[in-house]
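A short write-up of the structure that comes next.
None of these values were measured; they are calculated from a predicted model. Numbered from 1 within each chain, the chains take letters A, B, ... in sequence-line order. Worth knowing before you read on, the calculation uses all heavy atoms, side chains too, and leaves out hydrogens, waters and symmetry mates.
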Number of protein chains: 4
Amino acid sequence: MLLQIDVNSEETLYTQLANQIRYGIAKGYLQPDDPLPSVRNLASELGINMHTVSKAYNKLKEEGIIIVNRSKGVRISSSVLADRRTGYETVLEEKIRQLVSQSICNGIGEKRFLGMVKNVFTEMRSET
Amino acid sequence: MLLQIDVNSEETLYTQLANQIRYGIAKGYLQPDDPLPSVRNLASELGINMHTVSKAYNKLKEEGIIIVNRSKGVRISSSVLADRRTGYETVLEEKIRQLVSQSICNGIGEKRFLGMVKNVFTEMRSET
Amino acid sequence: MLLQIDVNSEETLYTQLANQIRYGIAKGYLQPDDPLPSVRNLASELGINMHTVSKAYNKLKEEGIIIVNRSKGVRISSSVLADRRTGYETVLEEKIRQLVSQSICNGIGEKRFLGMVKNVFTEMRSET
Amino acid sequence: MLLQIDVNSEETLYTQLANQIRYGIAKGYLQPDDPLPSVRNLASELGINMHTVSKAYNKLKEEGIIIVNRSKGVRISSSVLADRRTGYETVLEEKIRQLVSQSICNGIGEKRFLGMVKNVFTEMRSET
DNA sequence: GTGGTCTAGACCACC
DNA sequence: GTGGTCTAGACCACG
């Protein structure tokens with residue numbers, strides 16, 4: 001899977017990285033138990049600081065999405081995608097609420113919003 | 001409408017405020033042309049600095065959601081809720097993409113996600 | 001000539017008023033020596049404060065565009081449009097410079113800019 | 001590139017700064033990807049407050065003209081000068097309309113106005 | 001009374 | 001080191 005970062009983005013580098021890995025999992029590029037590049041390798045490959053990669057990995061580790069093992073390296077958690085929809089749903093609901101508020105303020109109604117969500121899910125499922 | 005902020009939140013204070021006002025509009029608590037508290041009043045009411053409130057108001061002003069008048073105060077734009085979906089959809093799509101990625105990683109599929117979105121829209125429409 | 005103000009505008013009321021009168025002269029709606037409504041009449045007609053109208057008139061008076069006479073009321077200067085392009089050109093050039101800078105930053109080149117200027121002049125000349 | 005402000009000007013300090021930077025880009029003094037001084041450095045150099053510089057930079061950032069990076073500083077956007085004439089033209093047209101009105105009131109006709117615009121564009125292109 | 005601008009100094013996150 | 005946020009207090013323009 002190709003990871004790339006945009007130094008011009010408003011998002012911090014480590015957030016971009018974490019988002020892309022999550023995206024890769026959602027899209028199926030990255031499967032449970034798949035290995036990820038080592039911190040050093042990925043950093044040099046992307047031309048960014050080692051600490052930045054490390055921070056991204058740490059974030060995902062805390063979310064339980066990846067497993068970091070000192071000697072075996074980093075890999076996708078085997079239980080990712082499994083049923084652990086505990087506290088996340090609360091967070092998600094709040095985020096949806098914000099997005100929906102903004103959308104309504106910008107004249108985008110439920111129908112159109114749902115259409116966009118469906119498109120994104122379809123995009124995720126598509127092989128590309 | 002009750003506005004409140006959480007100083008412990010990860011979100012900046014002014015972002016929280018802007019979000020709540022957008023939510024209030026989407027939910028119908030705040031109607032087009034409704035006045036908002038003055039910068040100073042709201043600041044003292046919330047126990048925060050005047051400039052923080054001002055920054056939130058300015059953000060909404062640039063989004064075209066509220067109207068700021070130097071001498072008459074602040075109120076909801078009368079054209080809010082109207083159809084002015086200019087460049088916002090591009091931004092929205094990217095945000096949905098991120099949210100969907102995160103959701104899939106957390107075992108939340110399309111069906112469930114769409115259900116949550118529908119619930120939020122219903123919540124917005126409900127009188128409460 | 002119909003004068004109207006937009007209380008939602010970012011521009012101050014008196015600036016809007018002054019701009020409209022200048023526009024009316026440029027467009028030919030208002031001719032040299034034409035009378036203008038009294039401060040009180042115009043204020044009540046527009047539903048705004050007397051001081052606001054007064055301020056607009058004062059601005060135009062200082063620019064030499066209108067003549068204010070305590071007993072005879074207010075009228076367009078008879079020498080308006082005449083040759084008094086003294087200090088104004090310096091101001092204008094600076095304003096054009098700013099506008100051109102912005103335009104270039106937004107990808108609008110000389111050809112397009114000149115086209116827009118010509119359109120505006122044509123619009124001014126048209127009877128409507 | 002030399003930046004300087006006039007504390008006696010009618011324009012706010014941060015507007016002056018933003019204008020000068022836009023001018024610098026239009027004139028070619030500042031090229032895409034060129035770095036700008038840090039907020040603190042520029043502030044002390046100009047003898048003004050850090051926040052004032054920050055406000056100017058923020059304005060340009062929201063216009064998409066400069067790129068602000070929390071840890072790497074500020075630089076001219078690499079896509080500035082590209083063709084991204086979205087909603088700006090509407091704003092520009094209104095500004096031109098005002099300027100043309102004023103000019104006609106001051107006895108400056110289309111021919112002279114166009115001449116001035118051409119001069120400014122030429123000035124922008126000239127090496128100096 | 002209103003918001004807008006400017007100053008000053010503090011702390012934080014990022015890299 | 002960088003910019004971002006928050007606080008605090010001042011003065012100004014507008015109506």
OP1 or OP2 of F/dT5 under 4.0 Å from side-chain N/O of B/K59: no
Gap between atoms CD and P, on D/E10 and E/dT5 respectively (whole Å): 14 Å
Side chain to side chain contact (heavy atoms under 4.5 Å, CB included) partner of B/I5, chosen from B/T15, B/I48, B/T12: B/I48
Results of side-chain hydrogen bond (donor to acceptor under 3.5 Å, both in side chains) for D/S44 - residues two or more places apart only: none
Residue closer to the 5' end of DNA chain F, B/G47 versus D/N41 (nearest nucleotide): D/N41
Expected output: side-chain D/Q102 to main-chain C/R22 donor-acceptor under 3.5 Å: no
Backbone of C/S103 reached by a side-chain donor or acceptor of C/N106 within 3.5 Å: no
Proximal nucleotide (of F/dG3, E/dC15, E/dG4) relative to the B/S54 side chain: E/dG4
5'-most by nearest nucleotide on DNA chain E - D/E11 or D/N69: D/E11
B/N58 CG - E/dT2 P separation (whole Å): 17 Å
Nucleotide nearest D/L13 (side chain, heavy atoms from C-beta), chosen from F/dC6, E/dC14, E/dC6: E/dC6
Under 3.5 Å donor-acceptor, D/S54 side chain and D/M50 backbone: no
Spacing of D/L36 atom CG relative to F/dG3 atom C1', expressed in whole Å: 13 Å
B/K59 bridged to B/E63 by N-O distance under 4.0 Å: no
Separation of F/dT2 P from D/Y57 OH (nearest whole Å): 11 Å
Interatomic distance where CD belongs to A/Q16 and P belongs to E/dC14 [whole Å]: 13 Å
Where A/N19 and A/E11 come nearest, the two heavy atoms and their spacing: ND2-OE2, 2.8 Å
Separation of atom CG in B/L42 from atom C1' in F/dC6, rounded to whole Å: 15 Å
side-chain N/O D/S38 vs F/dT2 OP1/OP2, d < 4.0 Å: yes
Under 3.5 Å, which N/O atoms of the protein pair with N/O atoms of nucleotides 9-13 of chain E?
residue : atom : partner : partner atom : Å
E/dG9   : O6   : D/H51   : NE2          : 2.5

Any-strand Watson-Crick or G-U partner of F/dG3, both distances under 3.5 Å: E/dC12
Nucleotide E/dG4, atom P - distance to CD1 of B/I67 in whole Å: 12 Å
Integer-rounded Å distance: E/dC15 P and A/I48 CD1: 8 Å
